[in-house]
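This report concerns only the one structure given below.
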Amino acid sequence: MPPEPASDDLDLDAIEELCAAATPGPWFVRNLDDDHAMNLVGVGTVEDSGRGERYPDFDHRELIAATLVQHPRYVDCADERWDENAAFIAMAREAVPLLVAEVRRLRRLLEYGACPTAGSRGTEFVIPLDEEMLAYFREMVDVLVERCGVSRAEAVARVNATYGTQDGVWIMGHEMPEYWAYYRPDHRDRLPTGDPDADADIDFRTLPVRPAPPKDSPFWTLGE
């Protein structure tokens, strides 16, 4: 069954605009004191010194938010998670733009027919792989680089497009599909297997070559 289209409820453009308009990161949690030597927890554009400076011995222009100001007590929270809230705000400055980019990447994968499990960023491949299959996929890439003369970036993109989509997943259990991301079947509907004996009567020079995936597709995970 094809994947459901991505929801449009999340307005990525609006989120990106908010990120771009905010004070540039990185942001840091600041542990300071107010003018009565009471704890002040904030988020700022410079790292915490560890000295707990007391107002006015810190530069207020370096602070962009506060989760606790005790005197006067006009910033507080009922559950007393001042440190946790400050850490979340500081983290969000870096994490939200990355999450937006990841959501866009996953949406594009779905648009190109990627399998539902696509999206693991642990490797250069768009589908999750255990160690054995990761080694096998990299062997396929090596074959395309060494024997077909394409760049590693293109080889990875071809493998992603062929084996990371709904149509390609079924082939995972077959042996030696090294060339299947590169060639189309010949006039007798044969594809190379990678086995020299089985491929002995195939003229590689006459095999039609599959087009590489579009450069704006999410299958290009490596820079050229």
Side-chain angles (χ1 to χ4, degrees), residues 3-112 114-131 134 156 160 164 216-223:
E4 296 182 0
S7 170
D8 291 330
D9 293 342
L10 197 61
D11 190 337
L12 300 182
D13 290 337
I15 296 172
E16 281 187 324
E17 288 179 9
L18 288 172
C19 292
T23 300
W27 294 351
F28 306 94
V29 175
R30 299 288 303 276
N31 291 289
L32 306 165
D33 280 345
D34 61 26
D35 58 356
H36 276 48
M38 300 173 73
N39 289 343
L40 187 159
V41 180
V43 177
T45 55
V46 299
E47 293 189 66
D48 188 70
S49 68
R51 298 193 297 270
E53 294 94 328
R54 179 178 176 182
Y55 182 82
D57 295 333
F58 58 85
D59 188 346
H60 64 277
R61 295 170 298 181
E62 297 171 349
L63 293 180
I64 57 174
T67 58
L68 176 64
V69 178
Q70 297 192 75
H71 188 273
R73 203 176 192 90
Y74 58 80
V75 178
D76 200 351
C77 52
D79 60 6
E80 301 184 350
R81 297 185 184 185
W82 313 295
D83 296 336
E84 293 86 349
N85 293 340
F88 177 80
I89 294 170
M91 174 274 298
R93 185 65 188 95
E94 300 293 310
V96 171
L98 294 176
L99 289 172
V100 169
E102 179 68 356
V103 171
R104 289 194 188 281
R105 189 184 73 87
L106 293 175
R107 285 183 176 181
R108 287 162 59 211
L109 277 169
L110 290 177
E111 289 172 2
Y112 277 91
C115 66
T117 55
S120 172
R121 297 305 298 271
T123 74
E124 64 272 35
F125 302 106
V126 299
I127 57 175
L129 301 169
D130 61 25
E131 289 299 318
L134 177 59
V156 169
N160 280 333
D216 63 347
S217 78
F219 302 123
W220 290 80
T221 57
L222 297 181

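Residue numbers start at 1 and run along the sequence shown. Computed from a predicted structure; not experimentally measured. These values consider heavy atoms only, across backbone and side chains, with no hydrogens, waters or symmetry-generated copies.
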Rounded distance [0.5 Å steps], [atom1] in [X] versus [atom2] in [Y]:
X      : Y      : atom1 : atom2 : result
Leu18  : Asp13  : CG    : CG    : 11.0 Å
Asp33  : Met38  : CG    : CE    : 9.5 Å
Leu10  : Leu99  : CG    : CG    : 9.5 Å
Arg51  : Leu32  : CZ    : CG    : 10.5 Å
Ile127 : Leu134 : CD1   : CG    : 10.5 Å
Glu53  : Asn31  : CD    : CG    : 10.0 Å

Donor-acceptor pair, side chain of [X] and main chain of [Y], under 3.5 angstrom:
X      : Y      : result
Arg93  : Cys19  : yes
Asn160 : Gly164 : no
Arg30  : Val43  : no

Let's go through Ile64 and Trp27 carefully: what are the C-alpha distance in whole Å and the side-chain angles of both, what is the deciding distance for side chain to side chain contact (heavy atoms under 4.5 Å, CB included) to 0.1 Å, and is it a yes or a no? CA-CA 9 Å; Ile64 57 174; Trp27 294 351; 3.0 Å; yes
Can you tell me if Arg61 has over 12 outside heavy atoms packed within less than 6.0 Å of its CZ?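 For Arg61, atom CZ is not crowded (no more than 12 foreign heavy atoms under 6.0 Å).
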For the pair Arg105 and Glu102, find out whether any cationic side-chain nitrogen is under 4.0 Å from an anionic carboxylate oxygen.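 Answer for the salt bridge query: yes.
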Glu124 to Thr221 - nearest heavy-atom pair and separation: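 Heavy-atom minimum between the residues: O-OG1, 2.5 Å.
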Without placing hydrogens or testing angles, list every side-chain donor-acceptor pair under 3.5 Å for residues 78-89, not counting sequence neighbours.
residue	atom	partner	partner atom	Å
Asp79	OD1	Arg81	N	3.2
Trp82	NE1	Asp76	OD1	2.6
Asn85	ND2	Arg81	O	3.1

Would you please test Val46 and Asp59 for side chain to side chain contact (heavy atoms under 4.5 Å, CB included) and show each step? CA-CA 10 Å; Val46 299; Asp59 188 346; over 6 Å; no
Quick one: which residue pairs count as a side chain to side chain donor-acceptor pair (under 3.5 Å) with a foot in residues 36-47, not counting sequence neighbours?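 Matches after skipping sequence neighbours: His36-His71.
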Applying side chain to side chain contact (heavy atoms under 4.5 Å, CB included), run through Val103 and Leu106 and close with a yes or a no. CA-CA 5 Å; Val103 171; Leu106 293 175; 5.7 Å; no
Can you sort out the partners of Phe28 under ring-ring contact (aromatic ring centres under 6.0 Å, His included), two or more places apart, ordered by chain and number?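 With neighbours one apart ignored, the set is empty.
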